[in-house]
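Attaching a single structure in structure tokens format; questions to follow.
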Amino acid sequence: MSDLVAPRLRFAPSPTGYLHVGGARTALFNWLLARRTGGTFLLRIEDTDKARSTDDSTRAIFEGLRWLGLDWDEEVVFQGANLPRHQADAAALLARGRAYRCFCTPEEIAERRAAAEAAGGAFAYDRRCDHLPAAEVERRVAAGTPFVVRFRVPAGETAWDDLVHERISFPNKDIDDFVILRSDGTPIYNLAVVSDDIAMRVTLVMRGDDHISNTPKQIMLYEALGAPLPRFAHLPMIHGTDGKKLSKRHGATAVGDYQHLGILAPAMVNFLALLGWSPGGDFEEVMTLDQLVHAFSTDGLLRKASVFDPKKLEWMNGQHLAKLPIHEVEALVAPHFARAGYATVDELSARRDWFHHLLEQLRVRARLVDELVAQAAPYFGETVAYAPDAVAKQWKDPAAVRPLLAAVRETLEAHLDWNPVMMEEAMRALADAKGVGAGKLLQPLRVALVGTAASPGIFDVMVLLGRDRTLRRIAAAEARLAEMAAA
RNA sequence: GGCGGUAUCGUCUAGGGGACUAGGACACAGCCCUCUCAAGGCUGGAACACGGGUUCGAAUCCCGUUACCGCUACCA
């Protein structure tokens, strides 16, 4: 890592779907290293596959990165715009004799491949077009015969010192003379990537380890093009709970899915950072983006694929929800409250002290923003919905509960000073006077106030609700209990 | 099939020859706290894939086996 001085890194997704958690993690590591070392983080959209690339996907990638807080340096590069250079590089390779035209049709290749496989062997292009006399090649080109350009793989071995795997090497004999330019003149992935990485002066290529077998081909291309080699770092994959590559079968796989599920961006980033990387030793797992930047190093990169555990992500989210400065939580969740129809963001900020108090009470009890929003319902509006299970348990004997709640209401009505200490003293005194435990009073009261069996401390609930609304809700509960007793 | 990669609790991981009766976190179970639910604290069960080496000594080094993953396109 000591030789990584201000590296130029890039994240190069193809816009054929939403920003996947695996891609997000790759982007994150590139970004983290760039920010840690004072390097540069570039973004390139690999849209050369026109059939599968969409503008929607491109937008989703931008939005996903922005949501995570991963900002990129310099202008976004669209690979499709570099077609002329890709073709020029292919032509240069042809001119230098490092590549050759191949007139074999896709059908012929497929046939030979099938035959080789039927014979139990592996197919390898036999270089027959490389042996064509120059005059014959000229004749076919002049005649307009379609051709692809193949790279002539030299003899020997191709190896590199991977930042995560150390030395990896491939005997060149196992690598086919791969196509670099299609018959329609467009470049194949490996050529486009190398051409662009050279043009963008990328010095460290950090990507998924599914690219390991592309790497020797790319290294040969760099050498043939006379360009300096970048360093390579191949990150392990992220798998689903069943150990298989993450896919829709595993539920949410796009970062946008988690955003909508109520995961906070800092939690998502924190969770992703710890998949395939570790600061080493004993460390606090809950970290801010800033702490991640300071702790990040390629030394901590792991080789083993990891399993994406949604349970731990939720836990992580709960941790961030509970630890973030309250104003940040407000900014993050207020829009969700607005969407739930409770109040507008402006209305909430107009009652900021109250809202912060509410969030303080709710945030340790929720893991997802959606849960928090759902739990906030009783604090907005006049009425509450009584949950059947809570009613069945705490209002089991309506005839006995009603007078208790009436006594609670009367006691509270006698106090004008609406503070939790006073209320608690009064309630405990009342329980004593009635000869019951505090729970016998407070649990039915909780149902009356929020409609559920679980909530923040009941005295905080009353403060949050306010004196008048609290008293009205108790009265409403008494009425309801009277109906139940009569039924 | 060929080539490449990987292998520590169910999961994320610490570990770089003796400090390992293998540590932490998530999840799970129990207890404490307590007006409920969370949060928090404590406790518990739970792993070095297998077989050979090397060494006085191996989770750590080497080889093999097995399993899993990736690549093997005129996809990226």
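Quick note on labels: first sequence line is chain A, next is B, and so on, each numbered from 1.
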Tell me which residues in residues 146-157 of chain A put a heavy atom below 4.0 Å from RNA chain B, sorted by number, or none.
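Under 4.0 Å from RNA chain B: Val148(A).
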Residues which pass side chain to side chain donor-acceptor pair (under 3.5 Å) with Asp432(A), listed by chain and number, not counting sequence neighbours:
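With neighbours one apart ignored, the set is empty.
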Once ring-ring contact (aromatic ring centres under 6.0 Å, His included) is applied, do any residues pair with Trp315(A), and if so which ones, sequence neighbours excluded?
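Trp315(A): no ring-ring contact (aromatic ring centres under 6.0 Å, His included) contacts found.
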Can you sort out the partners of Phe147(A) under ring-ring contact (aromatic ring centres under 6.0 Å, His included), two or more places apart, ordered by chain and number?
Phe103(A)
Heavy atom of residues 81-92 of chain A under 4.0 Å from RNA chain B: which residues?
none
Under 4.0 Å, heavy atom to any atom of RNA chain B: which of residues 212-221 of chain A qualify?
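Hits under 4.0 Å, by residue number: Ile212(A), Ser213(A), Asn214(A).
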How would you list, by chain and number, every residue that makes a ring-ring contact (aromatic ring centres under 6.0 Å, His included) with Phe178(A), sequence neighbours excluded?
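Once residues adjacent in sequence are excluded, the partners of Phe178(A) under the ring-ring contact (aromatic ring centres under 6.0 Å, His included) criterion are Phe151(A).
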Taking only N/O atoms, report every protein-nucleotides 41-43 of chain B pair under 3.5 Å with atom names and distance.
none

Nucleotide paired to C28(B) in any strand shown, Watson-Crick or G-U, under 3.5 Å:
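WC or wobble partner is G44(B).
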In whole Å, I'd like the distance from the CG atom of Asp162(A) to the C1' atom of U6(B).
13 Å
ring-ring contact (aromatic ring centres under 6.0 Å, His included) partners for Phe271(A), two or more places apart
Phe308(A)
Identify each atom pair where a protein N or O and an N or O of nucleotides 63-66 of chain B are less than 3.5 Å apart, giving names and distance.
none

Going by the side-chain hydrogen bond (donor to acceptor under 3.5 Å, both in side chains) test, which pairs reach into residues 274-284 of chain A, not counting sequence neighbours?
none
Table of protein N/O atoms under 3.5 Å from nucleotides 24-28 of chain B N/O atoms:
residue, atom, partner, partner atom, Å
G24(B), N2, Glu285(A), OE2, 3.4
A25(B), O4', Glu285(A), OE2, 3.2
A25(B), O2', Glu285(A), OE2, 3.3
A25(B), N3, Lys312(A), NZ, 3.4
C26(B), OP1, Trp315(A), NE1, 3.4
A27(B), OP1, Arg367(A), NH1, 2.8
A27(B), OP1, Arg367(A), NH2, 2.5

Send over the distance from Phe459(A) CZ to U36(B) P, rounded to a whole Å.
11 Å
